[in-house]
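Contents: one structure, followed by commentary.
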2 protein chains.
Amino acid sequence: MANSEREAISELTTGRLSVYLRCLTFLETQGQRTVSSHELAERFHLNSAQIRKDLACFGEFGTRGVGYDVSRLKSNLVETLGIDRTRNIVIVGAGNLGMALADYSGFNTNGFHIVALLDADPDKIGRSSRADIPVLPWERRAELVRRNRIEIGIIAVPAESAQAVYDALADAGIQAVLNFAPIQIKMRDHVKVKSVDLRINLESLSFHLKNREDGVIV
Amino acid sequence: MANSEREAISELTTGRLSVYLRCLTFLETQGQRTVSSHELAERFHLNSAQIRKDLACFGEFGTRGVGYDVSRLKSNLVETLGIDRTRNIVIVGAGNLGMALADYSGFNTNGFHIVALLDADPDKIGRSSRADIPVLPWERRAELVRRNRIEIGIIAVPAESAQAVYDALADAGIQAVLNFAPIQIKMRDHVKVKSVDLRINLESLSFHLKNREDGVIV
DNA sequence: GCATGTGAATGGATTCACAGCT
DNA sequence: AGCTGTGAATCCATTCACATGC
């Protein structure tokens with residue numbers, strides 16, 4: 001079937017591609033050359049049919065009777081996910097969360113590069129994160145995005161300002177946004193948002209604890 | 001139908017309960033007394049049938065012909081989610097992410113309280129976050145959990161140590177874990193884990209950008 | 001009349017199971 | 001023999017549409 005023409009790939013599928021990529025990277029560091037969907041499934045608690053089906057959306061990467069070549073599949077996934085070149089990022093909001101994200105290792109390696117933080121608070125301008133990512137004035141966003149070919153914006157401001165920040169980033173030419181504010185962003189046609197709501201995860205754990213207390217089966 | 005006996009509530013449903021709670025809290029601050037599933041759906045981009053179905057799992061909270069009483073529904077949700085009393089939390093790993101999470105407002109209000117951070121690095125012990133949450137030695141985990149009735153652990157250590165930290169927390173009597181390390185934790189029967197993988201979200205945006213470049217429809 | 005609560009219908013995603021290749 | 005790639009079967013979630021009750 002392979003790819004091209006059609007879009008029909010769910011977010012669930014692409015999320016799993018990222019997981020597979022992690023697994024392969026690990027196997028590669030272990031020096032493993034080849035892996036079957038079955039072995040992947042066992043080692044990383046996945047489902048082998050699902051692995052095969054997910055991969056099959058993008059091409060025929062395996063060899064029947066053998067399995068997948070670890071390095072080759074890995075680079076196919078890197079390409080499929082579009083991280084075979086570096087994408088530049090700006091973080092809006094130089095509070096605790098923004099600063100921590102700026103130095104978060106997963107955000108500054110293998111295809112992503114955080115160029116700067118932006119903040120409207122004059123007291124924060126001119127500082128920088130521990131890893132030396134500078135805090136620049138919010139007003140300079142358009143210039144920054146243009147000059148540094150920034151494609152992704154991360155919103156780490158309070159909920160009240162999040163929508164306005166999104167709109168301003170979109171106007172500045174940002175193409176995709178990762179939102180940490182606990183609010184449903186009203187999306188424009190060409191600027192994709194993905195939201196991460198950290199508190200929801202805690203509440204879900206709390207729900208689980210509560211049910212255990214009440215003697216519900218699981 | 002209501003609740004009791006059976007468990008059958010999906011995580012998707014409980015996640016939405018959290019969302020509804022946010023919406024209701026907002027409406028309450030706006031002074032609104034009553035709301036219909038239809039209005040909720042319109043204002044917050046949800047689906048009204050789904051709202052009704054989700055709520056119906058836990059009781060009959062509405063009044064036909066009228067809708068839901070905002071405050072009453074809100075406190076029903078608070079109770080359903082088990083955040084009508086405070087649950088204590090410890091964060092393991094006093095690096096950038098751990099420190100930021102310790103001060104993250106969503107984690108220290110309305111049902112959650114972060115007691116301390118734990119770290120194995122002697123240089124970090126004795127410090128505290130900006131909001132004054134102390135960093136204690138990893139060895140004191142069991143005592144800390146017992147003395148402070150800590151129910152939830154947050155893992156903010158590198159991937160290599162995450163599984164060991166999970167196991168140690170479980171041994172110390174922790175009941176639920178929120179994991180930020182990019183690894184699939186092997187779960188024990190009685191200690192629930194929820195994992196948040198921040199990088200996956202970026203990769204998903206990258207995938208989207210890549211497809212746009214390649215001219216795929218969306 | 002109006003909005004809830006819910007069975008029935010639809011739509012997706014996951015899993016099964018096997019044909020086909022190496 | 002072994003493992004991929006995939007149609008068919010199953011499972012789960014969402015949406016529809018209406019009977020029920022205020």
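Throughout, a chain's letter reflects where its sequence line sits, starting with A, and its residues are numbered from 1.
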request  = Check salt bridge (charged side-chain N to carboxylate O under 4.0 Å, His left out) between A:Glu11 and all other residues, then give those that pass, not counting sequence neighbours.
outcome  =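 Here the qualifying residues are A:Lys192, A:Lys194.
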query = Residues two or more places apart in sequence or in another chain: which of them pass salt bridge (charged side-chain N to carboxylate O under 4.0 Å, His left out) with A:Arg199?
reply =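 Testing A:Arg199 for salt bridge (charged side-chain N to carboxylate O under 4.0 Å, His left out), a comparison that skips the adjacent residues, returns A:Glu203.
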ask   = Between residues 34-47 of chain A and DNA chain D, which residues have a heavy-atom gap below 4.0 Å?
value = A:Ser36, A:Ser37
Near-strand residues of residues 61-79 of chain A, defined as heavy-atom separation under 4.0 angstrom from DNA chain D = A:Phe61, A:Gly62, A:Thr63, A:Arg64, A:Gly65, A:Val66, A:Gly67, A:Tyr68
At a cut-off of 3.5 Å, list every protein nitrogen or oxygen paired with a nitrogen or oxygen from nucleotides 8-12 of chain D, distance to 0.1 Å.
from  : atom 1 : to      : atom 2 : distance (Å)
D:dA8 : N6     : A:Lys53 : NZ     : 3.2

inquiry  = Under 4.0 Å, heavy atoms only, any strand: does A:Leu55 hit a base, just the sugar-phosphate, or nothing?
reply    =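 Nothing, no nucleic acid heavy atom in range.
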query = Which one, C:dT6, D:dT4, C:dT14, comes nearest to the side chain of A:Arg16?
reply = C:dT14
End axis versus end axis in the helix from C:dG1-D:dC22 to C:dT22-D:dA1, the angle rounded to 10°, five pairs used at each terminus = 0°
With sequence neighbours excluded, give me every salt bridge (charged side-chain N to carboxylate O under 4.0 Å, His left out) pair touching [range].
range                      : value
residues 63-76 of chain B  : B:Glu28-B:Lys74
residues 45-58 of chain A  : A:Arg16-A:Asp54
residues 86-106 of chain B : A:Glu213-B:Arg87, B:Arg87-B:Glu151

task = With side chain to side chain contact (heavy atoms under 4.5 Å, CB included) as the test, would you mind laying out the steps for A:Thr86 and A:Asn88 before giving the verdict?
result = CA-CA 6 Å; A:Thr86 296; A:Asn88 290 325; 4.1 Å; yes
Could you tell me how far apart [X] ([atom1]) and [N] ([atom2]) are, to the nearest whole angstrom?
X       : N      : atom1 : atom2 : result
A:Glu60 : C:dG20 : CD    : C1'   : 11 Å
A:Gln50 : D:dT6  : CD    : P     : 16 Å
B:Arg52 : C:dG7  : CZ    : P     : 14 Å

query = Quick one: ring-ring contact (aromatic ring centres under 6.0 Å, His included) partners of A:Tyr104, sequence neighbours excluded?
reply =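 If we apply the ring-ring contact (aromatic ring centres under 6.0 Å, His included) test to A:Tyr104, skipping adjacent residues, the hits are A:Phe107.
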message = Any non-hydrogen side-chain atom of B:Leu27 less than 4.5 Å from a side-chain atom of B:Leu40?
response =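 Yes, at least one pair of side-chain atoms sits under 4.5 Å.
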remark   = residues 154-163 of chain B vs side chain to side chain donor-acceptor pair (under 3.5 Å), sequence neighbours excluded, gives B:Gln163-B:Asp167
task = Please list all pairs passing the side chain to side chain donor-acceptor pair (under 3.5 Å) test where one or both residues lie in residues 180-190 of chain A, with sequence neighbours left out.
result =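 Non-adjacent pairs meeting side chain to side chain donor-acceptor pair (under 3.5 Å): A:Asp171-A:Arg188.
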